[in-house]
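Scroll down for the structure; my scribbles are underneath it.
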Amino acid sequence: MDPYLTLKWLHILSSTVLFGTGIGTAFQMVMAMRTGNAQSIAHTAHHVVIADWIFTTPAGIAQPLTGLLLIHTLGYDLTEPWLLVTYALYALAFACWAPVVHLQIRIRTLARTAAASGTALPAEALRAYRIWFALGWPAFAALTGIFWLMVARPQLW
């Protein structure tokens, strides 16, 4: 297969995994939290954390690497305006994702403790969830914006 097509395929595949895993795990976490059931939340959060390490992390690393290789291969200037916006949006998505991973782990731990002791989910877990939920929206918007920039490659200024 042509090296350029392989690189482009890897970039598209990793973006799909990054975006799809993010939406899928977010949906699962929201639905689990809606139950209020500590055991269900602990179980779901456990799998969400695993999915982040297995899928999101490698895809999140592959994205800038394959992106930079594509920029070089296609001869774009690294400072083209649409690319600068892409970098900023990716940095925003990462800045939201990094604390989200920590919050998911915290929610999982708190839910496990509550489930093991037969108590209700503590208020700290609900606070962590609200922050987690709030951070998901700018990350979602940033990645959606990046998809548009990759397709349109607009002349911004």
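For the single chain, residues carry numbers from 1 onward in sequence order. Quick caveat: nothing in here was measured; it's all calculated off a predicted structure.
Residues Ala45 and Gln104 share a closest heavy-atom pair of CB-O, 4.2 Å. Closest heavy-atom contact between Thr57 and Trp97: OG1-CH2, 3.4 Å. Summarising the geometry of Leu135 relative to Pro99, their closest heavy-atom pair is CD1-CG, 3.8 Å, with the distance given to 0.1 Å. Ala125 and Ile107 get closest at one heavy-atom pair: O-CG1, 3.9 Å. Heavy atoms only, all atoms of each residue included: Leu126 and Met33 are closest at CD2-CE, 3.9 Å. Considering all non-hydrogen atoms of both residues, Leu78 and Leu84 come closest at O-CD2, 4.1 Å.
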Quick one: do Arg108 and Ile105 satisfy side-chain contact (heavy atoms from CB on, under 4.5 Å)? Show the steps, please. CA-CA 5 Å; Arg108 180 194 65 191; Ile105 292 168; 3.6 Å; yes
Please determine whether side-chain contact (heavy atoms from CB on, under 4.5 Å) holds for the pair Trp53 and Val101, giving the CA-CA distance in whole Å, both sets of side-chain angles, and the decisive distance to 0.1 Å. CA-CA 9 Å; Trp53 291 117; Val101 172; 3.8 Å; yes
Taking it one step at a time, do Tyr129 and Leu121 satisfy side-chain contact (heavy atoms from CB on, under 4.5 Å)? CA-CA 11 Å; Tyr129 169 71; Leu121 198 63; over 6 Å; no
Verdict with reasoning, Arg112 to Gln39, per side-chain contact (heavy atoms from CB on, under 4.5 Å): CA-CA 7 Å; Arg112 279 181 177 168; Gln39 187 172 356; over 6 Å; no
For Trp82 and Tyr76, run ring pair (Phe, Tyr, Trp, His ring centres under 6.0 Å): C-alpha distance rounded to whole Å, both residues' side-chain angles, the deciding distance at 0.1 Å, then the answer. CA-CA 11 Å; Trp82 69 275; Tyr76 285 111; 5.4 Å; yes
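Applying the 6.0 Å contact sphere to CZ of Phe94 captures no more than 12 heavy atoms from other residues, nucleotides or ligands.
With values rounded to the nearest 0.5 angstrom, Leu143 atom CG is found 8.5 Å from Gln63 atom CD. In this structure, CG in Leu103 is found 9.5 Å from CH2 in Trp132, a value given to the nearest 0.5 Å. Taken to the nearest 0.5 Å, the CE atom of Met31 stands 10.0 Å off from the OG atom of Ser40. With values rounded to the nearest 0.5 angstrom, Thr86 atom OG1 is found 4.0 Å from Leu149 atom CG. Note that CG of Leu110 and CZ of Arg127 are 9.5 Å apart. Values are rounded to the nearest 0.5 Å. Atom OG1 of Thr6 sits about 12.0 Å away from atom CG of Leu13, to the nearest 0.5 Å.
Under a hydrophobic clustering in which Ile, Leu, Val, Met, Phe, Trp and Tyr are joined whenever their side-chain heavy atoms come within less than 4.5 Å, directly or via other members, Leu65 and Leu7 fall into different clusters. Grouping the Ile, Leu, Val, Met, Phe, Trp and Tyr side chains by contacts below 4.5 angstrom, directly or via other members, places Leu74 with Ile71. In the hydrophobic clustering of ILVMFWY residues, with side-chain heavy atoms under 4.5 Å counting as a link, Ile41 and Ile50 come out apart. Following chains of ILVMFWY side-chain contacts shorter than 4.5 Å, one can reach Phe147 starting from Tyr90, so the two form part of one hydrophobic cluster. One hydrophobic cluster, built from ILVMFWY side chains closer than 4.5 Å, holds both Leu18 and Val85.
Thr35 contributes a side-chain N or O that, together with a main-chain N or O of Ala32, makes up a donor-acceptor pair within less than 3.5 Å. A donor-acceptor contact shorter than 3.5 Å links the side chain of His47 to the backbone of His43. Formation of a donor-acceptor pair under 3.5 Å by the Ser15 side chain with backbone atoms of Ile12 is found in this model. With hydrogens and angles disregarded, no donor-acceptor distance shorter than 3.5 Å links the side chain of Tyr4 to the backbone of Leu70.
Looking at Arg153 and Glu80, their side chains never come closer than 4.5 Å, going by heavy atoms from C-beta outward. Residues Leu5 and Trp9 form no side-chain contact, since every pair of their non-hydrogen atoms from C-beta on lies 4.5 Å or further apart.
At a cut-off of 3.5 Å, with distance as the only test, no side-chain donor of Gln28 or Thr44 sits close to an acceptor on the other residue.
Ion pairing between Glu124 and Arg106 holds under the 4.0 Å rule for side-chain N and carboxylate O.
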